[in-house]
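These notes concern the structure reproduced below.
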Amino acid sequence: MNPRKTMKMYKIFLSPPHMSGYELEYLAKALHSNWIAPVGPMVDAFEREICEYLGVPHAAALSSGTAALHLSLLLLGVKNGDDVICSTLTFSASANAVKYVGANPVFLDCNRETWNLDPELLEEEIRAARRKGSKPGAVIAVDLYGQCADYGRIEKLCQKNDIPLIEDAAEALGATCHGRKAGCFGQMAVLSFNGNKIITTSGGGMLVSANEKLIRKARFLASQARDPAPHYQHSQIGYNYRMSNLLAAVGRGQLKVIEDRIQARRRIFAFYQRALSEVPGIGFMPEAAYGRANRWLTCLHVEPREFGATREDIRMALERENIEARPIWKPMHLQPVFAGCRKRGGDVAAELFENGLCLPSGSGLSDPDLERIIAVIRSVHK
Ligand SMILES: Cc1ncc(COP(=O)(O)O)c(C=O)c1O
């Protein structure tokens, strides 16, 4: 009997956490110091170290990237009934935050060159709004799968039209655009340290900005908006959004190896590309000429007719071999929860969803793991 048929191979996950070994040291320090609440020296140090890494002066460590998105919209004055322009090809958190503040997401398609928000459509949408005598409350640009959006053009458009820009860099820590790091664009930028990200605090996020006042206000709102009084007094609605000192300790241990993690993810991307680019009908997410992607996830594009099978055939074949892969994000304008929201542009995002697949990309993957995944994909090719 074929032993491969009887022995279940261990599971390969899409993007599992990858410990550096430094986390325990920092965690022990945090525990011994008794700073275990969402305040303390690890939180301060993690904020400082992220600022140094990005080259941005101010940051507030929060409980999640979603919390950071919510606060960014509140801080930039987006209110009930405003339109907020958002990439349609993203994770739902980018758009959910727009709804939290009672605003209306307007979804723009992406372009083929970057899979990110199409600046031409952004210009069209701003012009159309101006013709109606209105202006969007904000733009949320997403750095998809670890590749910066085209800020050379997006930032200029937002500045020229005086529209606040929020960079959703949740997936893109360490990516660059025109020599600046993801997290440096717009009025405020959002990072995520969710368990599947390139570095993790188990769950967590950060709001970064060049504007000290905004970050000070973010800390205030994130700590239940307590007025300066000896008793508990509140003049505004607050949130419990600060990051725990224990999780900040984990984050510091992770941040130490961020460059190794980027190199590992980029190497994994190159490994897949080398092994599969000769296979008819297989393509990869392009890297924009303006920067470096962190290649958080390696994304395939399948031409079913040339390949002889669909991306779903590949995904299911991988699943049968205990390998986790995921379709590209389902665009927000196709999500039932956002039915009725306005959308501008063609069907690039919809086509990428139809034919795109995220492959296992964890920085701990070994070459035999990659060979195992590649062999399954090759076996599906007809
Ligand atoms: C593009 C994008 N934005 C926002 C988030 C939300 O971050 P968090 O999970 O930390 O709330 C995520 C991922 O989790 C994401 O991929």
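Numbers here are sequence positions counted from 1. Each ligand, and each atom within it, is numbered from 1 in the order the structure gives.
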Task: Protein residue, atom and distance nearest to atom 9 (O) of ligand 1, heavy-atom basis - done: Asn194 ND2, 3.2 Å

Task: atom 11 (O) of ligand 1: nearest protein contact (heavy atom, Å) - done: Thr66 OG1, 2.5 Å

- [ ] Give the atoms of ligand 1, by number and element, whose distance to some non-hydrogen atom of Ala170 is under 4.0 Å.
- [x] 2 (C), 3 (N), 4 (C), 5 (C), 12 (C), 15 (C)

Open item on the list: Run the side-chain hydrogen bond (donor to acceptor under 3.5 Å, both in side chains) test against Trp329 and tell me which residues pass, sequence neighbours left out.
Closed with: Glu171

Open item on the list: Would the distance check show the side chain of Glu324 and the main-chain N or O of Lys11 forming a donor-acceptor pair, the cut-off being under 3.5 Å?
Closed with: no

Task: Heteroatom proximity flag, Gly65 to ligand 1, N/O under 3.5 Å - done: yes

TODO: Taking only Lys NZ, Arg NE, NH1 and NH2, and the carboxylate oxygens of Asp or Glu, determine whether Glu52 and Arg48 approach each other closer than 4.0 Å.
DONE: no

- [ ] Test side chain to side chain contact (heavy atoms under 4.5 Å, CB included) on Tyr26 and Lys256 and set out the steps.
- [x] CA-CA 11 Å; Tyr26 285 114; Lys256 270 180 133 21; 3.7 Å; yes

Task: Step-by-step salt bridge (charged side-chain N to carboxylate O under 4.0 Å, His left out) determination, Glu312 to Arg315 - done: CA-CA 5 Å; Glu312 205 44 19; Arg315 193 189 66 76; 2.6 Å; yes

Task: Heavy atom of the protein closest to atom 1 (C) of ligand 1 (residue, atom name, distance) - done: Glu171 OE2, 3.3 Å

TODO: Determine whether any heavy atom of Ala67 lies closer than 4.0 Å to an atom of ligand 1.
DONE: no

Task: Part of Ser64 within contact of ligand 1 (heavy atoms, under 4.0 Å) - done: both

Task: Test log, rule side chain to side chain contact (heavy atoms under 4.5 Å, CB included), inputs Thr310 and Asn355 - done: CA-CA 7 Å; Thr310 63; Asn355 295 313; 5.9 Å; no

Task: Arg242 bridged to Glu47 by N-O distance under 4.0 Å - done: yes

Open item on the list: Considering non-hydrogen atoms of the protein only, which is the closest contact for atom 3 (N) of ligand 1, and what is the distance?
Closed with: Asp168 OD2, 2.8 Å

TODO: Examine ligand 1 and decide if any of its atoms is less than 4.0 Å from a heavy atom belonging to Ser94.
DONE: yes

Open item on the list: Do Ile198 and Tyr53 land in one hydrophobic cluster if side-chain heavy atoms of ILVMFWY residues count as linked below 4.5 Å?
Closed with: yes

Open item on the list: Within the 4.0 Å heavy-atom shell around Gly204, which atoms of ligand 1 are there?
Closed with: 10 (O)

Open item on the list: Name the residue from Arg130, Glu123, Lys156, Lys135 that meets the side-chain hydrogen bond (donor to acceptor under 3.5 Å, both in side chains) definition with Asn161.
Closed with: Arg130

Task: Thr90: numbered ligand 1 atoms lying under 4.0 Å from its heavy atoms - done: 1 (C)

Open item on the list: Any carboxylate oxygen within less than 4.0 angstrom of a Lys/Arg side-chain nitrogen, looking at Arg344 and Glu120?
Closed with: no

Task: Proximal atoms of ligand 1 relative to Val142 (non-hydrogen, under 4.0 Å) - done: 1 (C)

TODO: Out of Ser192, Ala93, Ser87, indicate the one that has the non-hydrogen atom closest to atom 10 (O) of ligand 1.
DONE: Ser192

Task: Protein heavy-atom partner closest to atom 12 (C) of ligand 1 - residue, atom, separation in Å - done: Phe91 CD2, 3.5 Å

TODO: Show which atoms of ligand 1 fall inside a sub-4.0 Å distance from at least one heavy-atom site of Lys197.
DONE: 12 (C), 13 (C), 14 (O), 16 (O)

